[in-house]
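Quick note on labels: first sequence line is chain A, next is B, and so on, each numbered from 1.
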Amino acid sequence: MKKTYQSKKARQYRAARARNEARRRQGFRDWRRERNRSWQGVADSERKTLTVNRDNPDQTIVIPSKFKLLSEPDRVLGVLHDIETKGRKYGSVVLDMRSVVEFDLPAITSLSAIGYRTYRLYGENRLFGIRWPLDPDANALIKRSGFKNYSEGHEPNDTGSEANMMADRKRNIQPEYAQQLANIVDDYLHPGKRRGQNVLDDVVYTTVYELMKNTSLHASSTDNEESWWVAYSHDSKINQVEIVFIDCGMGIMESLNRKVSAGTIRRFVSGSNAKFLEDVFHGRVPSSTGIPGRGTGLPTLRETCVDEGLINNAVVVTNDVIANLNLDDYSLLDNVFSGTLVYFRVPAQHNGVTR
Amino acid sequence: MKKTVNIATDFTRQPGLRTPEQTPGTSGLEFREHILKPILTEILAGHGTLTVDLSGTSGFPPSFLEEAFGGLVREFGYDTVSDVLELIGDASSQKWVDRAKRLMIRARGQAEEKRKYTPW
């Protein structure tokens, strides 16, 4: 026979426990009633996104109407920072994108990359609840971008060239992927023409290849390789393809700071991070490995853009610095981007020569 | 003796990165050690030139060019290499020729710097 304690203390304990249990159940019933009321008249697909935030306004992040990394980097980085901190705290967030009218490829790709990483690290079931843009153009474009797939926590499978914008997440050094991307860019810029002998298609291949290598060798603080993201978009008005490459590793500045020689130069010669990154791109900082001949990747990216003019509008965002290579402008940011973002445009012609 | 090497046909159409650990079989180090260096050594023993054709590939990551041609300069010296080595390419690969020449000049600077500060 089960022994029941009849002491005063035991009775008080059981009563308190019952009260707490009843209170918890009542709280759940209240929450469910409110949720069911809020669901009335809402489509089933929409209901799923609403369940993420529960009723916590702290979990909602409002995306500004002009969400452009190239023109307003601090604002976009602020949103990314919010996603990381709130994602870490709550495991899920709601992105209120209803007011979004304009956005650019780097902003939406970095949103995907940071969101995906945060989801992998802290997400419970899904990271994002999304309130899609009310503006029909922005709504259509953002849904076509593949961002929705990442927001639901699985890999994208729609990478068809039909889409105007595509984001892809990969790992390791993959020359085949770089070649595939170069072919896609060539098809966009020179539709219906024979592939292979274009002046510019191999520039995409080599630039992306080099960026993959940097991610693979330098981005991760652990033994695991960081994944990288590539997104592209074709601007048919001026017939240029814009490409964004992102890794969510430690960033160029942090990576160099860990190396003794480069860290010393930053502290005693360059001073600020912006000046230091300028020195790196101008080839004035010796290789972090100390081996002769190393450290050619970043200066060559600048040469490709500025000296050779093979790519345009190259912008690099890493840690607390944004660098516009064409303008030779290196500025400090208020918010920090934990990783490296490289943006550039590929023109259809180089010095008037198409192929 | 005049020798010609076409990277696309004699080595790979998709040049890789710097070392075999990064890209086995297509790295700049392997190209230098297995193809360029034996021919160059043979030429330096007698007389002749080596022509390297950079056309026909998917493109050259800078680390491949640096390891292949910059490494050659560091090993044999800029003057020796530039006397016998000629880099050529078609219109679309002329940019790789220019880049490889720049990297060779940069490697010369590094080699001189190293010599200057080495006490023995």
Exercise for the section: Counting only heavy atoms closer than 4.5 Å, note whether A:T207 contacts chain B via side chain, backbone, both or neither. Expected result: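 Neither part.
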
Measuring from atom [atom1] of [X] to atom [atom2] of [Y], what distance do you get when rounded to the nearest 0.5 angstrom?
X: B:R99; Y: A:T304; atom1: CZ; atom2: OG1; result: 3.5 Å
X: B:R102; Y: A:E303; atom1: CZ; atom2: CD; result: 4.5 Å
X: A:T206; Y: B:W96; atom1: OG1; atom2: CH2; result: 3.5 Å
X: A:Y205; Y: B:F60; atom1: OH; atom2: CZ; result: 9.5 Å

Handout entry: Check: B:T23 and A:K213 side chains under 4.5 Å, non-hydrogen atoms
Key =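 No - every pair of side-chain heavy atoms lies 4.5 Å or more apart.
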
Practice task
State, with a plain yes or no, whether a side-chain heavy atom of A:E210 is found less than 4.5 Å away from one of B:L17.
Solution key: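 Counting from C-beta outward, A:E210 and B:L17 do come under 4.5 Å.
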
Handout entry: B:L103 versus chain A, the contacting section by heavy-atom distance below 4.5 Å
Key =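 For B:L103, side-chain heavy atoms alone lie under 4.5 Å from chain A.
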
